[in-house]
Each structure stands twice: as C-alpha cells, then as structure tokens.
There are 2 protein chains.
Amino acid sequence: MYSIGDLSRRTGVKAPTIRYYEQMGLLEAPERSEGNQRRFAKAELERLAFIRHARDLGLTINSIRQLIGLSGHADRPCADADRIAKEQLASVRDRIAKLQKLEEELERIATCCTGETVGDCYVIRALSDHSLCGHEH
Amino acid sequence: MYSIGDLSRRTGVKAPTIRYYEQMGLLEAPERSEGNQRRFAKAELERLAFIRHARDLGLTINSIRQLIGLSGHADRPCADADRIAKEQLASVRDRIAKLQKLEEELERIATCCTGETVGDCYVIRALSDHSLCGHEH
DNA sequence: TCTTGAACCTCTAGTCACTAGAGCAATTAG
DNA sequence: CTAATTGCTCTAGTGACTAGAGGTTCAAGA
Ligand SMILES: [Zn+2]
Ligand SMILES: [Zn+2]
Ligand SMILES: [Zn+2]
Ligand SMILES: [Zn+2]
C-alpha cells in the first residue's frame, strides 16, 4: 500500500495532480486509512504510470479515459485504441506544420531589424503589416 | 467612427474578443455613443490589426502589451522589441523540437499495431511501457 | 506515552486566451 | 413605429493543472 506521497515519488506525478486524476475519473477512488488518507495498491501505481506516459505523449484526459475503458476488455477489437493514437499523431503533425510557418515568419521578423530606435524597428513594422509576411497564419 | 461590429468585420476579431482586449489593456477604452455603445476611431482599428497579427504569430497578451508600450516611444532604442521577437522565435523552435520527438514516438505507436484485440494491441502496450520509447519526453 | 514535524485532507481560486449565454438596452431599416 | 439586429454588462466555462488556506493524521524519536 502506497501513500499519495509514495506514489508521487515513484511516478514523478505531484500529489495534487494525482487527486485531480482521481477526480477526473482516470484513477479509481482508492482505499483509505482509518484517518481518511489514500492508500494505493500496485495496480493504481501502474495505471498512474500509464496515465503519465499518455499525458507525456500529449493525449488528452478524455482520450486517456477512453483508452482506460478499452483496456479493461482484452478480448474486444483494438480499432478504437489505434484510432486514438492515429488522431493524436495527426494532431501533432498539424501543430508542427503550423509552428514551422510561424518559425519562418518569426525568423525574418526577429533577425531583420537593422534600426536602432523603435521608430524604425523592423519588428514593430512587421507586426503592423502582415503583407510583409510570406504566408497566412 | 466604427461600431464594435464594424471593427469585428474589418479585422476578423470577434466582438467579445475586442472587449476582452480592451479589458486587458491592449486597446484603450474607446469613445461611446449616447447610448453607451463603443465607437472606435481609425487608430484603434490599426492597433487591433497589430494585436491580431501579433496573436497570430503566437505572442502572448503580455508581450503585446509591452510592444504597444514601446511603440509609443519612437525615439527610444528598440532592443526590447527585438528581444521579445527573439524569445518568441526561441519558444516556437523549442515547441517544434518537442513535438518532433512526440511525432517520432507516436508514429511508431500508431502504426505498429498488428494485433486485433485490446489484449495484444501495441498502442496499449506502448503506453504502459515507456522503455519501448526512443527518447525521454 | 508524548511530542513534534512532515505529510495528508478538502475546498477554493488562479492560470491563459478566449467563448458562450443570460438578460437587457440601443440602433437601424422598412 | 415597429421589428430585427446589434450592442451592453456580467457570470461562468474551457484544459490540465497549480497554489494556498486552514485543518487533520501519521511516523519517528525522546
Ligand atoms: Zn528593432
Ligand atoms: Zn503575417
Ligand atoms: Zn491495436
Ligand atoms: Zn515514452
């Protein structure tokens, strides 16, 4: 049996975050000590590691809830799990593409200023005038 | 003189967002009609375009507030504006690098499942076991 | 057994940049 | 003049936590 602090040290997830996951229905309400403190079993430790890893990969609480729901039915088809992973991959790729466009614009904006005063600063001018940009954003 | 709806149509910024920018101190409180409705001058239209452009480039409300503060002093050095742009560029590059690592992991996770049931789904297994990953996240 | 200090509890509110909605008032076109 | 549209303020919700207040329980040493 682990206290919430034990669990926190073993997984690197802060105690308030563990309580938050419980509240969001990702962790089941654990047993309690006589004095009402949480006491987690090993299964919860593993589930918390799963949650943390999924979060680190950018999955939302909602997706994780679905995945946990699925993982209880080992005999069902895994198409839903595969779909969630593919959607997350697509979303990450999408964000990368958007950020790369921003990077291009920002590189120009951040490196082209030859002025010395605000009056002739390229940064200010570029922000005032989108037609200096190479793409839409 | 533009109503908030005029301004919204001309800039593509929704009316509640314009009010929000005013509340955040990015736009000055505009004149009002007899019936207390906002009436914006052309300067406000231009400032709103500036704000929107900066937001589209990912700058925070705080950074924009600083830039607006600077832009009132055309004779001062522009080092602060240049620094804000460079920091934003660095932050975008940082986020891209993190997302590219995620992309790699997610590509593996999302495309390697050869199982058919949840019990032998690679997605579920990969989320349970970070040692299958190629990097830290 | 007692005491002290660390760890734990619940609850509320704050973060960021909006967005949605309620309930009302003003404007504008016909 | 009326109806439709647009505007006003205020409150609350989003996601995934984080911080803090104010109180309780636990574990270890004396
Ligand atoms: Zn400059
Ligand atoms: Zn632009
Ligand atoms: Zn699968
Ligand atoms: Zn991993």
_B:Lys86/B:Asp82 ion pair, N-O < 4.0 Å_ = no
*Grab the OH-P distance between B:Tyr20 and D:dG13 for me, whole Å please.*
18 Å
*In whole Å, what is the span from the CZ atom of A:Arg55 to the C1' atom of D:dC17?*
9 Å
*Between B:Thr17 and A:Arg39, which is nearer to the 5' end of DNA chain C once each is assigned its nearest nucleotide?*
A:Arg39
*Hey, does the side chain of A:Ser3 come within less than 4.0 Å of C:dC8's phosphate (OP1/OP2), counting only N and O?*
yes
*Take atom CD of B:Glu22 and atom P of C:dA17, then tell me their distance rounded to the nearest Å.*
18 Å
*asked:* Rounding to an integer number of Å, can you tell me how far A:Met24 CE sits from D:dT18 C1'?
replied: 14 Å
*Step-by-step salt bridge (Lys or Arg N to Asp or Glu O under 4.0 Å) determination, A:Glu107 to B:Arg93*: CA-CA 10 Å; A:Glu107 172 151 31; B:Arg93 287 190 167 146; 3.2 Å; yes
*Spacing of A:Lys98 atom NZ and B:Ile96 atom CD1 [to the nearest 0.5 Å]*: 13.0 Å
*In terms of side-chain heavy atoms of A:Tyr21, which of D:dT18, D:dC17, D:dG7 is nearest?*
D:dC17
*Considering heavy-atom distances to DNA chain C, does B:Ile61 or A:Gln37 have its closest nucleotide positioned more toward the 5' end?*
A:Gln37
_Classify B:Arg19 by what it touches in the nucleic acid, base, sugar-phosphate, or nothing, heavy-atom distance under 4.0 Å._
base
_If the threshold is 4.0 Å, N to carboxylate O, is there a salt bridge linking B:Glu105 and B:Arg108?_
yes
*Distance, rounded to the nearest Å, where A:Glu31 contributes CD and D:dT25 contributes P*: 19 Å
_Heavy atoms from C-beta onward define the side chain here; which of C:dT10, C:dC8, D:dC8 lies closest to that of B:Arg38?_
D:dC8
*Could you check how far CG of A:Leu27 sits from P of D:dA16, rounded to whole Å?*
15 Å
*Shortest side-chain distance from B:Arg32, nucleotide among C:dA17, D:dT9, C:dC9*: D:dT9
_Nearest to the B:Lys14 side chain among D:dA16, C:dT19, D:dG7, which nucleotide is it?_
C:dT19
_Pairs touching residues 4-33 of chain B that satisfy ring-ring contact (aromatic ring centres under 6.0 Å, His included), sequence neighbours left out_ = none
*Check the distance between D:dG7's C1' and B:Asp6's CG and give it to me in whole angstrom.*
12 Å
*To the nearest Å, how far apart are B:Asn36 CG and C:dT27 P?*
9 Å
